[in-house]
Amino acid sequence: MKPKVELYDTTLRDGAQAEGINFSLADKLRIAERLDQFGIGFIEGGWPGSNPKDMEFFRQARRRKWKQARIAAFGFTRKKGMPVEQDEQIRMLLEAETPVITLVGKTWLLHVHEVLRVKPEENLAMIADSIRYLKDQGRTVVYDAEHSFDGFSDEPDYALATWQAAEKAGADVICLCDTNGGRLPSEVARITAHAHGRLNARLGIHTHNDAGFAVANAIASLDAGAVHIQGTINGYGERTGNCNLISVIPTLQLKMNRPCVPARSLPKLKELSEFVDEIANVRHDPRQPWVGQTAFAHKGGIHVHAIERVARSYEHIQPERVGNHRRVLVSDMSGRTNILLKAAELGFKLTPDAPEARAITSKVKELESQGFEYEAAEASLALLIRGVLDDNPELFFTVDSYHVSMRGTAHNSVCEATVKVRVGNTVHHTVADGDGPVNALDGALRSALGRSFPRLRKVGLTDYKVRILDGIAGTAAKTRVLIQSTDGSREWGTVGVSENIITASLQALVDSMEYALLKK
Ligand SMILES: [Zn+2]
C-alpha cells in the first residue's frame with residue numbers, strides 16, 4: 001500500500017502574500033477552524049516573527065481544541081554568524097508554542113553567495129543548528145528547502161548536501177520547494193526521485209504556479225516519492241499563486257486512490273472553496289477546476305434525457321462528489337445538494353424530493369439573484385430555512401423603526417443611531433453613539449435587546465465586510481454586508497443586501513441577534 005499523503009495548508013501564510021488578500025485575526029481563526037473540520041492535517045498559521053497579528057493568532061490557537069489539524073508556525077533558519085539560541089526570530093518561533101515548526105532554508109548556491117552572502121558551509125550549519133535546536137525542544141520540524149529544483153539544477157551535490165544536513169539534524173519532513181514556480185513536471189519528478197533515493201526522511205513538495213504547473217508539479221513529485229503536499233485553498237499566493245489544494249484533494253482522492261481527507265469531507269469541497277473566497281472577499285472563480293460554477297456546466301437545448309446521457313459522457317467525475325452540480329440550461333438543479341447538506345447540519349431532515357427542499361432551493365436562488373450569498377452566512381441560511389419550513393416562525397423581536405445620523409467637523413465625526421424594537425408587548429427605544437453608522441446601529445440594537453435578553457450582552461461583532469455588487473439584474477449597485485458574530489464560544493455569519501449600506505447592515509445585525517437567541 002502507498003504511504004498516506006499529508007496535506008499542509010499555508011493559506012494563512014503563503015496565501016496571505018497574494019495581492020489583494022488580507023486576513024484579519026478573526027478571519028484566520030475562522031479559516032483554520034474550517035480547515036480543521038475538513039480534515040487538513042497541518043495548518044500553517046503565519047510567521048510569528050513578522051507581525052503581532054500572527055503572534056496573537058498562535059496565542060488564540062493554543063486555547064482552541066483542534067480536531068485533527070496540527071498548527072505550524074513558519075520562520076527562517078538562524079541568522080548567519082550567531083548561535084541559534086540567541087536568534088530572536090527562532091525564539092519567537094518557540095514562543096508561538098506550536099507542535100510543528102516549519103523552517104525555510106537555502107538550497108541554491110546562487111542565493112547562498114549573492115543573497116545570504118555566507119560560505120556554503122555556514123549555510124549548512126545554519127540549517128543543521130536550527131533544526132537540531134527545535135527538535136531538542138520537542139517540536140515536529142518541517143524543513144522547506146527553498147529553490148530546491150533551481151538549486152539542484154545548478155549544483156546537484158550542494159543541493160543534496162543541504163537536504164542531508166536537514167535530515168541528519170532530525171527534520172521530520174524535507175519539503176522540496178519550487179519557489180520561483182518555473183519548473184516542469186518532468187524536472188520535478190526527476191529531482192524528487194533523486195532525493196527519494198538518497199534520503200530517508202519523508203519528502204514534501206511546495207510549488208508555485210508561475211508557469212501554470214503548481215498542481216501538476218505537486219502530483220508529479222508525489223508519484224516520484226513525496227508524501228507531503230503544501231498548498232493553499234483556491235491557490236492563493238504571491239504572483240500567480242501556490243499549488244491549489246482544492247484541485248489536489250479530489251485528484252488524490254478520486255483519481256490516484258490515495259485518500260488524504262475523510263471521505264465525508266469531499267462533498268464539502270466546493271463549500272470550503274467558496275467559504276475561503278468569501279472570507280477573503282474575493283469573487284469565486286467560475287472557471288475554477290472541480291468547484292467552479294461552470295466546471296460541470298453544459299449548454300443544452302435538446303431533450304433533457306439526451307442531455308443527461310450526453311453530460312455523463314462529457315464529465316470527468318460526478319460533480320456531486322466534490323459538492324458541485326451539473327448545470328444544464330433546461331433543468332438547473334443548482335444548489336439543492338448543498339442546501340440539503342446545510343439543512344441536515346442545522347438539524348432539519350429533508351429528502352431531496354421533499355417539496356420543502358424545492359421551496360428552500362427556489363427561495364435561496366431568488367435571494368442569490370438579488371445578491372445574497374450564504375456560503376459564509378450560515379446563520380442567515382438557517383433563519384431562511386426556518387422561515388420556509390415554518391410558515392409563521394415566532395420571532396423574538398421586530399425592529400419597528402430606526403434612524404441614523406452623522407455630525408462631522410473638520411477634525412472628527414460622530415454617528416448616532418436610534419432604534420425602536422418590539423419584544424412581545426414591550427417597546428424599547430434606545431440611542432447609541434458610534435464611530436461609524438453601523439457601529440452606532442449595533443450599539444443601539446444591542447442595548448435595546450439587552451433589556452429583554454441579557455444574554456445578548458455577550459454577543460459581539462468580530463468582523464464586518466462590505467462588497468459592492470454591480471450588474472445584478474441591471475439595477476443600481478447593491479451592497480452586500482457580511483457580519484461575523486460571537487458569543488465567546490461560538491461564531492456565526494449573517495448577510496444583508498440592499499442598495500443602502502445601513503439597511504443591508506441592519507438586516508445582517510438583526511439576523512445575528514435572532515440567531516443568537518434561537519441557538520440559546
Ligand atoms: Zn511559497
Side-chain angles (χ1 to χ4, degrees), residues 6-23 28 31-32 35 40-51 54 71-77 89 93 98 100-108 110-111 115-116 127 130 141-153 159 162-163 166 171 173-185 187-188 191-192 195 203-222 226 228-248 276 280:
E6 296 172 350
L7 292 180
Y8 182 108
D9 179 276
T10 179
T11 306
L12 303 179
R13 202 270 309 166
D14 228 0
Q17 305 280 345
E19 186 174 355
I21 304 273
N22 198 349
F23 295 126
K28 289 187 127 194
I31 289 173
L35 293 171
I40 305 285
F42 295 86
I43 300 170
E44 190 176 271
W47 179 17
S50 70
N51 62 64
D54 283 8
I71 304 295
F74 174 89
F76 283 101
T77 51
Q89 191 248 164
L93 274 174
T98 54
V100 181
I101 294 180
T102 298
L103 280 181
V104 62
K106 300 287 189 193
T107 315
W108 195 359
L110 173 79
H111 270 257
V115 182
L116 276 184
I127 296 169
S130 312
V141 177
V142 175
Y143 175 63
D144 271 8
E146 199 181 57
H147 298 113
S148 290
F149 302 96
D150 299 323
F152 186 90
S153 300
T162 64
W163 306 336
V173 175
I174 295 177
C175 185
L176 307 179
C177 304
D178 182 20
T179 310
N180 295 0
R183 309 308 299 204
L184 303 179
E187 298 171 319
V188 168
I191 295 169
T192 305
L203 282 183
I205 180 74
H206 175 118
T207 53
H208 281 257
N209 202 35
D210 297 73
F213 294 130
V215 170
N217 282 346
I219 299 296
S221 181
L222 201 75
H228 165 115
I229 294 191
Q230 300 191 352
T232 63
I233 301 301
N234 299 330
Y236 295 170
E238 268 176 291
R239 308 184 307 273
T240 59
N242 282 55
C243 173
N244 187 351
L245 291 182
I246 294 294
S247 291
V248 166
V276 174

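Position 1 is the first residue of the sequence, and the numbers go up from there. Every number for a ligand or one of its atoms is a count from 1 in the order of the listing.
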Worksheet entry | Salt bridge flag under 4.0 Å for residues Arg13 and Asp54 | no
Worksheet item: Are any of the side-chain heavy atoms of Trp163 and Ser148 separated by less than 4.5 Å?
Response: yes
Practice prompt. Would you verify whether the NZ or CZ of Arg183 falls within 45 degrees of the ring axis of Phe149 while also being under 6.0 Å from that six-membered ring's centre?
Written response: no
Worksheet entry | Residue pair Asn244 / Val215: nearest heavy atoms and the distance that separates them | N-CG2, 3.6 Å
Worksheet entry | Pair Phe76 + Trp47: ring centers closer than 6.0 Å | yes
Worksheet item: Which protein N, O or S atoms sit under 2.8 Å from the Zn ion (ligand 1)?
Response: Asp14 OD2, His206 NE2, His208 NE2
Discussion item. I'd like to check Cys175 versus Gln230 (side-chain heavy atoms, cut-off strictly below 4.5 Å). Are they in contact?
Written reply: yes
